[in-house]
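Remember, predicted model here, so these are calculated numbers, not experimental data.
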Amino acid sequence: MGSVRRPNRHVRLLLEYLFVHTLGPASLPGHLLAWPLGVLFYLGALANASLSVVGREDRRITALLLVLAAAMCLRLWWGLPSGGSPTVPLGAALLFAFVWWFHAEDLRGIAPGAGRAIRA
């Protein structure tokens, strides 16, 4: 997992970012800490989804972890300066669309009664 800077096409890996170019995760402001947290949420969703191979996946947990990963993308995007050019949090938009398309029913199962209010 990493970030790409467009002018020189340099890839910065997450571990390099956390432990070489900073004083560690504790030294980062909230919006910059959102990147590693988002990666952890995404990897947790992948791990939970992989449990479907043995029939042990809880789709609600997968959906919730993906929503949290998308929220971390938005937190990072909100905290970074745009540099005068408009930016779009494409990763967050894609994750939210994926969750809505594949896991909308699973998320309704998290909050009892939420689905009935929508359908009424």
Side-chain angles (χ1 to χ4, degrees):
M1 306 282 172
S3 70
V4 178
R5 293 194 59 187
R6 189 171 171 169
N8 59 5
R9 292 179 177 35
H10 176 76
V11 176
R12 186 166 320 280
L13 300 177
L14 183 57
L15 290 176
E16 177 188 355
Y17 165 75
L18 285 175
F19 299 109
V20 175
H21 298 288
T22 66
L23 298 174
S27 69
L28 296 174
H31 69 279
L32 294 179
L33 193 56
W35 180 23
L37 285 175
V39 169
L40 288 176
F41 288 137
Y42 185 76
L43 291 176
L46 288 178
N48 192 55
S50 69
L51 291 174
S52 67
V53 173
V54 292
R56 302 279 302 170
E57 177 193 17
D58 186 346
R59 292 177 51 91
R60 297 171 298 176
I61 293 175
T62 302
L64 185 60
L65 288 171
L66 289 173
V67 166
L68 290 172
M72 292 298 106
C73 288
L74 286 177
R75 175 69 176 109
L76 177 65
W77 170 76
W78 188 261
L80 292 178
S82 64
S85 62
T87 60
V88 176
L90 187 59
L94 292 174
L95 277 173
F96 280 129
F98 181 85
V99 169
W100 175 75
W101 189 262
F102 291 104
H103 292 285
E105 287 295 322
D106 303 325
L107 287 176
R108 284 190 195 103
I110 291 176
R116 281 183 260 127
I118 293 172
R119 293 183 195 123

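Atoms CD and CZ, on E105 and R59 in that order, are 10.0 Å from each other to the nearest 0.5 Å. Distance check: H103 NE2 to L65 CG gives 10.5 Å after rounding to the nearest 0.5 Å. Rounding to the nearest 0.5 Å places CG of L37 at 11.5 Å from SG of C73. Atoms CG and CH2, on L74 and W77 in that order, are 7.0 Å from each other to the nearest 0.5 Å. Interatomic distance, L33 CG to R75 CZ, rounded to the nearest 0.5 Å: 9.5 Å.
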In sequence, state the C-alpha distance, the side-chain angles, and the governing distance for L80 and H31, and then conclude on side-chain contact (heavy atoms from CB on, under 4.5 Å). CA-CA 8 Å; L80 292 178; H31 69 279; 4.1 Å; yes
side-chain contact (heavy atoms from CB on, under 4.5 Å) between D106 and V99, worked out: CA-CA 9 Å; D106 303 325; V99 169; over 6 Å; no
Could you go through the side-chain contact (heavy atoms from CB on, under 4.5 Å) check for W100 and V67 one step at a time? CA-CA 10 Å; W100 175 75; V67 166; over 6 Å; no
Under the side-chain contact (heavy atoms from CB on, under 4.5 Å) rule, what do L95 and F41 come out as? Steps first, then yes or no, please. CA-CA 12 Å; L95 277 173; F41 288 137; over 6 Å; no
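Residues W35 and M72 form no side-chain contact, since every pair of their non-hydrogen atoms from C-beta on lies 4.5 Å or further apart. Within the 4.5 Å cutoff, no side-chain heavy atoms of W78 are placed close to those of P89. Residues T22 and L32 form no side-chain contact, since every pair of their non-hydrogen atoms from C-beta on lies 4.5 Å or further apart.
Hydrophobic clustering keeps L40 apart from L66 (ILVMFWY residues linked when any side-chain heavy atoms are closer than 4.5 Å, directly or through intermediates). Cluster membership check: L23 does not share its hydrophobic cluster with L13, using side-chain heavy-atom separations under 4.5 Å among Ile, Leu, Val, Met, Phe, Trp and Tyr.
Contact record, L18 with P36: CD2-CG, 3.8 Å, taken as the closest heavy-atom pair. Between A63 and L107 the shortest heavy-atom distance is CB-CD2, 3.6 Å. Nearest heavy-atom pair, A71 versus F96, reported as atom, atom and distance to 0.1 Å: N-CZ, 4.2 Å.
For F102, the ring-ring contact (aromatic ring centres under 6.0 Å, His included) criterion is met by F98, not counting sequence neighbours. Partners of L94 under the side-chain contact (heavy atoms from CB on, under 4.5 Å) rule, at least two apart in sequence or in another chain, are L90.
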Please tabulate, for side-chain N and O atoms in residues 45-56, each donor-acceptor pair with protein atoms closer than 3.5 Å (sequence neighbours left out).
from, atom 1, to, atom 2, distance (Å)
N48, ND2, D58, O, 2.8
N48, ND2, T62, OG1, 2.6
S50, OG, A47, O, 2.6
S52, OG, A49, O, 2.7

